Chemist: 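Below you will find the structure I want to go over with you.
Quick note on labels: first sequence line is chain A, next is B, and so on, each numbered from 1. Remember, it's a predicted structure, so these values are computed and weren't measured experimentally.
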There are 2 protein chains.
Amino acid sequence: MRFIIFGAGALGSLFGALLSMHHDVLLVGRKKHMEVIKEKGLKIEGITEGVFYLETEWDGSEYDIVILTTKAYDTEKAAREILKKFGKMPVLSLQNGLRNEEMLAEIIGNEYVIGGVTSHGATFLEYGRIYHAGIGETIIGEIDGKITDRIKNIAEAFNKCGIETKISRNIKNEIWRKAVVNAAINGLTALLKCKNGFLLENRNAEILLEKICRECIKVARAEGIEIGEKIIDKTKEIAEKTADNISSMLQDLLKGKKTEIEEINGEFVRIARRHGMEAYINEFLTLAIKAMESVRHLG
Amino acid sequence: MRFIIFGAGALGSLFGALLSMHHDVLLVGRKKHMEVIKEKGLKIEGITEGVFYLETEWDGSEYDIVILTTKAYDTEKAAREILKKFGKMPVLSLQNGLRNEEMLAEIIGNEYVIGGVTSHGATFLEYGRIYHAGIGETIIGEIDGKITDRIKNIAEAFNKCGIETKISRNIKNEIWRKAVVNAAINGLTALLKCKNGFLLENRNAEILLEKICRECIKVARAEGIEIGEKIIDKTKEIAEKTADNISSMLQDLLKGKKTEIEEINGEFVRIARRHGMEAYINEFLTLAIKAMESVRHLG
């Protein structure tokens, strides 16, 4: 298959590298990152090791699908760019947050949108150099739950390259589940400036993790999405598996970059309000992280 | 008058120094701090400048009153020590938190307890050296609101030394008002690791400040204490006046010391529960700061 990775940061570059083993891949990302990859190849370290050579400039030829891996706050802009540059074509979102599919559908059209979540962890080391920090399942699915040819093709293409991928008939549920895990782990580790594992080492942090999950479960239920209390244990399991990792949100905060707090925790707050509820904890967390994005830290 | 300062940290040492200008003062504090003061005197810098010579060892003589300036989590222990060492005598609490007077009354007896709040800001620079960072009003009062001779004497003694002091007929209200201000400014600056002034520079931080104040006002009301919405502007005014200060709670956190979060924000949570309410924001803040006390920070 022929893939365009749109927004090739840490995760997108990793997927591009892995897919390039058996497929044609065009990376679209930040200019400096692309320049280094064009010149020296894309270096992956950690769980995957190697240098990968991928296209970084579009030659006008046709591609089968766009994999969207931008930050969630850039989805709308990315969707417009994709539409303008490549025209209407299938877009698989592997992003964080709850509103990507909706925004993509509005701009590119319902039938072109494919949902997805992945548990792979990747860290941007420097231009042209990515660290593959964690391995996990990838789940993709059509928004209407149908098992189409294209979804089967993508899953097959992913699996062929060692990206363990399943097809879900309820991808929306998977996206919400991932958002709950992210709301708790990303939100809290950014707030406390700690590694993921600390959330289990410290009882107060663990209580906060549980409280965030519970509030998210309630909001999901109001939206008609049943997640269930088991997500709390699942979240803890993920925090344990990734104990030494610095979450993407904390990475952003430490680099002085904008975080996805609005698109993850903030989204739970907005959806709660739409149902006449308050999501106090997610609201507090969202405001605090937004404030921390601008603070000059004292320690 | 003859004062014992019990728990002579930053604020207690400052009060001791100021009072020593016209009164006898015995400082009781950490051994190393006392040793340096005994040897070289107590050096005050900032708003007040000078070296002050005070007693650091009790010669068995009688004193009129104890001024208690320990951290609020040490009040019970301090009350027992005072009782054991000096016997039943008047104790004026100038501490943070909501439960000091109650604990003192339980251990030393109702009639010996005097309430107080102060807006002076002091920072512990090193043993024997204190920075006088901010100046403000001190308010004292009998728990039952009576204007007694002893309260008049203390106020007069304080004022004589430049510690601007008023007597309140409703000191409990003043203590609660100060706790609301502390819950917002101390709690938030510790969480965000910012100077006090940032709470007004950043709109998200300002919203959090308002939310904390509002929740505290509700809890106070449930307890029969009317504080009023004006405390929000008052809190902002204090944050502005002390814009360059690092709050005592953040100082503690940065030094790796235990904070007073349980005795300030945590107390609002407990009192809320007693009235069948939830204080979500103060609870979240309390758990987060407790967790931060143990985290090894990444940035």
Side-chain angles (χ1 to χ4, degrees), chain A residues 187-212 214-215 244-247 249-257 259 261-262 265-266 269 277-299, chain B residues 187-212 214-215 244-247 249-257 259 261-262 265-266 269 277-299:
Chain A
L188 267 183
T189 53
L191 187 79
L192 305 176
K193 294 219 170 82
C194 63
K195 291 188 175 185
N196 294 0
F198 180 77
L199 304 182
L200 302 180
E201 287 163 27
N202 181 280
R203 184 55 191 145
N204 293 300
E206 195 180 358
I207 294 171
L208 287 172
L209 177 150
E210 293 165 3
K211 280 181 181 287
I212 296 169
R214 288 219 176 81
E215 191 174 88
D244 273 334
N245 287 14
I246 296 179
S247 74
M249 197 176 287
L250 178 52
Q251 286 180 44
D252 290 340
L253 204 57
L254 295 175
K255 283 182 204 157
K257 278 177 65 180
T259 71
I261 193 78
E262 288 271 17
N265 305 72
V269 178
M277 297 162 57
E278 290 288 338
Y280 297 104
I281 297 173
N282 279 290
E283 188 185 18
F284 187 94
L285 204 46
T286 304
L287 288 164
I289 302 289
K290 292 300 290 176
M292 287 168 82
E293 286 175 11
S294 336
V295 86
R296 275 174 53 85
H297 291 288
L298 298 168
Chain B
L188 267 184
T189 53
L191 186 79
L192 305 177
K193 294 220 170 77
C194 64
K195 292 189 175 184
N196 294 0
F198 179 77
L199 303 182
L200 302 180
E201 287 163 26
N202 181 280
R203 183 59 191 143
N204 294 299
E206 195 179 358
I207 293 171
L208 287 171
L209 177 149
E210 293 165 3
K211 281 181 181 289
I212 297 169
R214 288 218 177 80
E215 192 175 87
D244 274 333
N245 287 15
I246 295 178
S247 73
M249 196 174 288
L250 177 53
Q251 285 180 45
D252 290 339
L253 204 57
L254 294 176
K255 283 181 204 158
K257 279 176 65 180
T259 71
I261 194 78
E262 287 272 17
N265 304 73
V269 178
M277 296 161 57
E278 290 288 337
Y280 297 104
I281 296 174
N282 279 288
E283 188 185 19
F284 187 93
L285 204 46
T286 304
L287 288 164
I289 302 289
K290 293 300 289 175
M292 287 169 82
E293 286 175 10
S294 334
V295 86
R296 276 175 50 86
H297 292 288
L298 298 169

Chemist: Can you tell me which portion of B:Glu283 sits under 4.5 Å from chain A's heavy atoms? Options are side chain, backbone, both or neither.
Modeler: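 Just the side chain, heavy atoms under 4.5 Å.
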Chemist: Out of curiosity, A:Lys290 NZ to B:Arg203 CZ, how far, rounded to the nearest 0.5 Å?
Modeler: 14.5 Å
Chemist: Can you give me the closest heavy-atom contact between B:Cys194 and A:Val295, atom names plus distance?
Modeler: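 Reported closest heavy-atom pair: CB-CG2, 3.1 Å.
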Chemist: Which bit of A:Phe284 is near chain B, if near means a heavy-atom gap under 4.5 Å: side chain, backbone, both or neither?
Modeler: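 For A:Phe284, backbone and side chain are both near chain B.
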Chemist: What's the shortest heavy-atom distance between B:Leu192 and A:Ala291, and which atoms?
Modeler: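 Closest approach of B:Leu192 to A:Ala291: CD1-CB, 3.9 Å.
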Chemist: Which distance, rounded to the nearest 0.5 Å, do you find between the CG of A:Leu287 and the NZ of B:Lys211?
Modeler: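 Answer rounded to 0.5 Å: 6.5 Å.
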Chemist: A:Glu278 versus chain B, heavy atoms under 4.5 Å apart: side chain, backbone, both or neither?
Modeler: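 No part of A:Glu278 comes within 4.5 Å of chain B.
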